[in-house]
Amino acid sequence: MTTSKQSGGEDGGVLVGAGLVEELAHAVRALATAFAADEAGEAYLFKALADARRSQPAASPEQIRTSRDYDVLRGLLGRVDAAKVVAARRERDAIVIESAIPASAVEVVIQSASGVVERVPLFLGGQEVSVGITGPPYRLPLGRIGPHDPVVRLELLDRGGALVALGPYLPALD
Amino acid sequence: MFRSLANSFFPPAPGAPRQPQLFLVHPAQLGRWLEEAWAAAGNIPAIGGGSGGSVQLGSPTILTDLDLPVGLRALLAPGIDVQSPGDYTTTPTAPLPLLWDHLAYAYLIESTGAYEILAEVVRRLSVGESLGQLSPASVQWARATEELFFHNPPAFSIGGLTSHLRPDQRVSRRNAYWRMFAMDLAHGMPRGWSSPLGEAPWRLDVGNGVNATFREKWTELLRQTWLGFENAKNQVGPNSTDREYVALLCQALDDMLGMRRRGGNLAREEFWFVATMSWFHLTVEYDTPIVVDLQATGTSPEARLAKIGERVGMLPAARSRELFELAEPMSALLWAIEFGSFNKGTDAENLYLPLGGIPTALNREMNRIVDLWQSATGERVKDRGAVGTATSVPTSGFVSAQPLRAPSPATPLPTAPLPTASPMSAPTLATANGRRA
């Protein structure tokens with residue numbers, strides 16, 4: 001290795017020998033190569049994961065129903081991290097939820113014994129569907145489920161479709 | 001049940017402790033609330049193959065057969081005020097759907113020794129001052145605990161299972177566990193207890209009403225679902241998972257448990273025993289006033305229970321951590337099985353397959369059950385090759401992942417009297433617990 005010159009160049013930096021420069025350049029090139037290879041490896045990994053995710057079969061309706069049933073069951077059993085239960089009653093053309101509902105709930109899905117499903121948005125254009133009241137009770141109008149059709153499922157969903165609250169079975173009105 | 005009620009005071013965020021206000025409610029109101037909770041099971045929505053408005057209790061009318069008439073229930077409303085627990089409110093509420101935990105929950109919580117240890121706490125508080133001074137909230141807890149669980153129940157209440165015909169609730173609970181699961185508690189009866197009917201009176205006169213093969217089928221279910229977990233992401237190579245076999249096991253368990261429930265059998269017992277154990281579970285679930293007063297604060301129910309046990313010279317179960325953690329998921333899974341949620345192969349595979357690649361709550365809880373059951377019992381359900389019931393060794397040397405015979409529903413016990421074995425030799429879930437140190 002050649003002897004370095006005296007330190008203290010015009011800008012105060014340290015002068016180094018040519019051999020050391022060559023070693024440093026070689027090291028930097030090696031690092032760059034390793035980094036590129038690592039990135040390529042990571043990129044490949046991410047692509048493989050994405051491909052694997054895409055290759056997972058889409059959930060069937062039965063799978064979704066079974067999974068949702070279990071979530072409902074956990075809510076009924078009072079699990080802390082499950083959907084909460086809400087009290088509700090029935091009127092001839094509406095369902096009235098009397099409990100406070102989670103702030104994340106945006107839609108109510110009502111299923112009748114005859115298989116009719118109604119979806120009622122909770123917040124429409126920033127305003128509550130319930131008439132002029134903030135907080136419970138929430139009056140949800142029914143258009144397709146008649147009073148003689150029992151309500152077998154009452155689910156409150158968030159924006160992602162996850163169950164956040166559930167209501168009771170509501171028998172038919174006499 | 002009481003843990004569900006505790007939620008309603010200030011519904012906690014996941015991981016946050018429940019508030020202690022429940023223990024400030026008068027026991028008369030709590031007793032009345034149980035009448036409401038019994039009836040609330042009739043409000044549950046449709047699950048599995050059900051149509052809603054009923055629960056799988058072996059009889060479509062058992063809830064209404066045993067509940068208070070609506071008018072009388074309204075007249076004697078519990079009036080629990082969640083804003084002010086010591087008060088009474090007359091604000092009526094619309095129907096709420098609730099379901100109590102499975103009898104397995106009661107078995108697992110009682111297996112920890114929590115009942116016996118806290119019973120000793122209440123006894124010592126009532127006869128002396130060996131446990132120190134209590135705060136007002138703890139005094140209320142002690143009073144409510146003694147009134148609700150160690151006192152003759154109110155006449156005509158849904159929890160009125162103590163009578164001259166079955167005077168000992170410990171025996172009644174063991175009878176229910178034996179009939180439903182053919183499993184005994186690992187700990188014996190309290191010191192000084194004796195029965196003219198022998199060591200295990202809870203096994204007498206049960207007839208054929210014992211699910212003698214419950215544990216065998218249950219562990220096989222765990223084994224097969226673990227196979228499913230292992231193979232869930234296989235893209236190539238053999239996959240020994242058999243979802244139809246898993247469905248057969250679930251169906252066999254469903255049938256077996258349903259046999260014990262025919263005509264509404266064990267419904268009221270299950271309700272009351274679960275309510276009982278949920279109270280004791282709630283007591284140690286977080287740093288409640290009685291836990292604080294006994295200097296038994298901790299970071300987990302088993303830690304608190306162990307410290308309380310030290311104060312009264314008793315030991316909890318060696319695997320009480322696993323038992324506490326297993327109670328909720330096992331209860332939910334057994335209920336789902338009884339609702340028929342997994343009786344078809346396409347449904348059964350949801351136990352171990354993620355939904356569109358994303359693990360569900362069901363997946364996570366099933367996985368957890370396998371881990372905790374293995375740890376609590378020492379049964380290596382994750383080991384390969386332990387299939388057990390093949391009747392002959394295959395000459396090919398290839399061991400099937402599933403047994404030779406498909407599982408059958410409830411197998412009746414022989415009607416001959418049982419041999420005089422010690423109750424401790426029956427299959428138990430934990431090493432001796434609730435015993436004197």
Side-chain angles (χ1 to χ4, degrees), chain A residues 49 51-90 95-100 102 110-113 136-137 150-155 162-163 165-172, chain B residues 1 3-8 11-16 18 40-48 50-55 93-102 105 233 235 328-329 331-333 335-336 339 341-342 344 346-351 353-358 360-363 365:
Chain A
L49 282 172
D51 288 345
R53 178 63 64 86
R54 278 193 294 271
S55 71
Q56 293 287 338
S60 66
E62 291 77 19
Q63 283 181 302
I64 295 172
R65 178 182 49 76
T66 301
S67 178
R68 177 57 57 84
D69 277 354
Y70 195 77
D71 293 339
V72 167
L73 187 55
R74 294 182 75 246
L76 293 173
L77 293 171
R79 302 299 184 244
V80 172
D81 60 344
K84 63 170 287 186
V85 294
V86 296
R89 57 181 170 82
R90 194 159 183 190
I95 286 175
V96 180
I97 296 177
E98 292 193 353
S99 306
I110 306 155
Q111 180 183 342
S112 75
V151 170
V152 297
R153 285 277 271 256
L154 180 69
E155 299 178 354
L163 182 70
L166 60 127
Y169 169 89
L170 295 170
Chain B
M1 295 307 295
R3 295 166 75 240
S4 295
L5 179 59
N7 275 343
S8 65
R18 286 186 173 86
N43 301 327
I44 66 168
I47 298 177
S51 57
S54 65
V55 62
T93 55
L96 201 68
L98 279 178
L99 183 62
W100 55 86
D101 271 294
H102 198 273
Y105 168 89
K233 294 181 181 175
Q235 300 291 327
E328 283 193 339
S331 163
L333 180 65
W335 267 131
F339 277 109
S341 295
F342 311 116
K344 292 188 297 186
T346 47
D347 295 331
E349 63 182 0
N350 289 294
L351 290 167
L353 283 186
L355 202 65
I358 302 172
T360 61
L362 177 57
N363 298 149
E365 291 209 341

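Order of the sequence lines fixes the chain letters, A, B, ..., with proteins taken first and strands second; residue numbering starts at 1 for each chain.
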Q. If every non-hydrogen atom of B/Pro97 is compared with every non-hydrogen atom of A/Val85, which pair is closest and at what distance?
A. O-CG1, 3.6 Å
Q) Where do A/Tyr70 and B/Ala336 come nearest, in terms of heavy atoms and distance? A) CD1-CB, 4.0 Å
**Q.** B/Tyr105 versus chain A, the contacting section by heavy-atom distance below 4.5 Å
**A.** neither
Q) Could you state the interatomic distance from CG (B/Leu353) to OG1 (A/Thr66), rounded to the nearest 0.5 Å? A) 11.5 Å
Q | Nearest heavy atoms of B/Ser4 and A/Gly78, plus distance in Å | A | OG-CA, 3.7 Å
(Q) Which atoms of A/Arg74 are under 4.5 Å from chain B, going by heavy atoms: the side chain, the backbone, both sets, or neither? (A) side chain
**Q.** Which portion of A/Val86 sits near chain B, non-hydrogen atoms under 4.5 angstrom
**A.** backbone
Q: Let me know if B/Asn350 has heavy atoms under 4.5 Å from chain A in its side chain, its backbone, both or neither.
A: side chain
Q: Identify which part of A/Arg68 has an atom lying under 4.5 Å from any heavy atom of chain B, answering side chain, backbone, both or neither.
A: neither
Q: Could you check if a side-chain atom of B/Asp347 sits within less than 4.5 angstrom of a side-chain atom of A/Arg65, using non-hydrogen atoms only?
A: yes
Q.
If I take atom CD1 from residue B/Ile47 and atom CG from residue A/Leu73, how far apart are they, to the nearest 0.5 angstrom?
A. 5.0 Å
(Q) Please classify the contact of A/Ala113 with chain B as side chain, backbone, both or neither, using a heavy-atom distance under 4.5 Å. (A) neither
Q. Any idea which heavy atoms bring A/Gln63 and B/Glu349 closest together, and the distance?
A. NE2-OE2, 4.3 Å
**Q.** Greatest number of heavy atom pairs closer than 4.5 Å to chain A - which of B/Leu98, B/Asp101, B/Thr360, B/Thr346
**A.** B/Asp101
Q | Side-chain (A/Arg153) to main-chain (B/Ala46) donor-acceptor, under 3.5 angstrom | A | yes
(Q) Any carboxylate oxygen within less than 4.0 angstrom of a Lys/Arg side-chain nitrogen, looking at A/Glu62 and B/Lys344? (A) no
Q: Heavy atoms only, distances under 4.5 angstrom: which of A/Ala82, A/Pro150, A/Ala88 has the most pairs with chain B? Name it, please.
A: A/Ala88
Q | Separation of A/Asp69 CG from B/Phe342 CZ (nearest 0.5 Å) | A | 8.5 Å
